[in-house]
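Following: one structure in structure tokens, then a few remarks.
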Amino acid sequence: MSENSFNEKVKELLLEIPIGRVTTYGIIAEKCGMKSSARMVGYILNSLKNQTKYPCHRVVNRFGELSGKNHFQGEELMQELLESEGIEVTDNKVKLSNYLWNPLD
DNA sequence: CGGGTGACTTTAC
DNA sequence: CGTAAAGCCACCC
């Protein structure tokens, strides 16, 4: 019995994201075996946003936009966290070409 | 069981 | 990366 496999897998994957890197909902979804349901990733992250244990701020949409920043505790908290890790945030988004993390890495 | 919603993605134009 | 439409799945009423 794998419990809430999806939820659990997302948590594990979040903890595997290296500092100074970001990933997308689609990648997480696919890595958890539900690539068709990237929406669920954001939905689950919403449950983890209050838990500082998980780096929810390192998850962006496919264009690198901070789609979840509005759902964070502070309005600019997500960007501040990313910048504190060395990630440059411009126009409310990051450069996936430079910061995107691939689980295979 | 059905309808609405959401931190998304893909395809088409 | 513009808009529009469809797919997707958990959760709530």
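To find a chain, count down the sequence lines: A is the first, B the second, and so on, and within it residues start at 1.
Under the salt bridge (Lys or Arg N to Asp or Glu O under 4.0 Å) test applied with A/K69, the options A/E75, A/E80, A/E76 reduce to a single match, A/E76.
Each of A/R62 and A/V59 lies near DNA chain B, and the nucleotide nearest A/V59 is the one positioned closer to the 5' end. Along DNA chain C, the nucleotide closest to A/E65 and the one closest to A/M40 are compared, and the more 5′ of them pairs with A/E65.
Judged by distance alone, with hydrogens and angles left aside, A/Y25 brings a side-chain donor or acceptor within reach of the base of B/dA7, the pair sitting under 3.5 Å.
Straight-line distance from the CD1 atom of A/I44 to the P atom of B/dT5: 21 Å, rounded to whole Å. Residue A/N92 contributes atom CG, which lies 12 Å from atom C1' of B/dA7 at whole-angstrom precision. Between the P atom of B/dG6 and the CG atom of A/L48 lies a distance of 19 Å, rounded to the nearest Å. Protein atom NZ of A/K9 is 12 Å distant from nucleotide atom P of C/dA10, rounded to whole Å. Rounded to whole Å, the distance from CD1 on A/I28 to C1' on B/dT9 is 14 Å. Here the P atom of nucleotide C/dG2 and the CG atom of A/N61 are 11 Å apart, to the nearest Å. Atoms CG (A/N46) and P (C/dC12) sit 12 Å apart, rounded to a whole Å. Whole-Å rounding puts the A/F6 CZ to B/dG6 C1' distance at 13 Å.
Classification of A/E88 and A/K95 as a salt-bridged pair fails, no side-chain N sitting under 4.0 Å from a carboxylate O. With respect to the salt-bridge test (charged N to carboxylate O, under 4.0 angstrom), the residues A/R21 and A/E85 do not qualify. No salt bridge links A/K9 with A/E12; every basic N to acidic carboxylate O contact stays at or beyond 4.0 Å.
To the nearest whole angstrom, the two C1' atoms, one in B/dA7 and one in C/dC13, are 23 Å apart.
The two residues A/V59 and A/M78 have their closest heavy-atom pair at O-CE, 3.4 Å.
Of the candidate nucleotides C/dC1, C/dC11, C/dC9, C/dC1 has the atom lying nearest to any side-chain atom of A/F63. Side-chain atoms of A/K49 lie closest to B/dA7 of the nucleotides C/dC11, C/dC9, B/dA7. With C/dC1, C/dC9, B/dA7 as the candidates, the nucleotide lying closest to the side chain of A/M34 is C/dC9.
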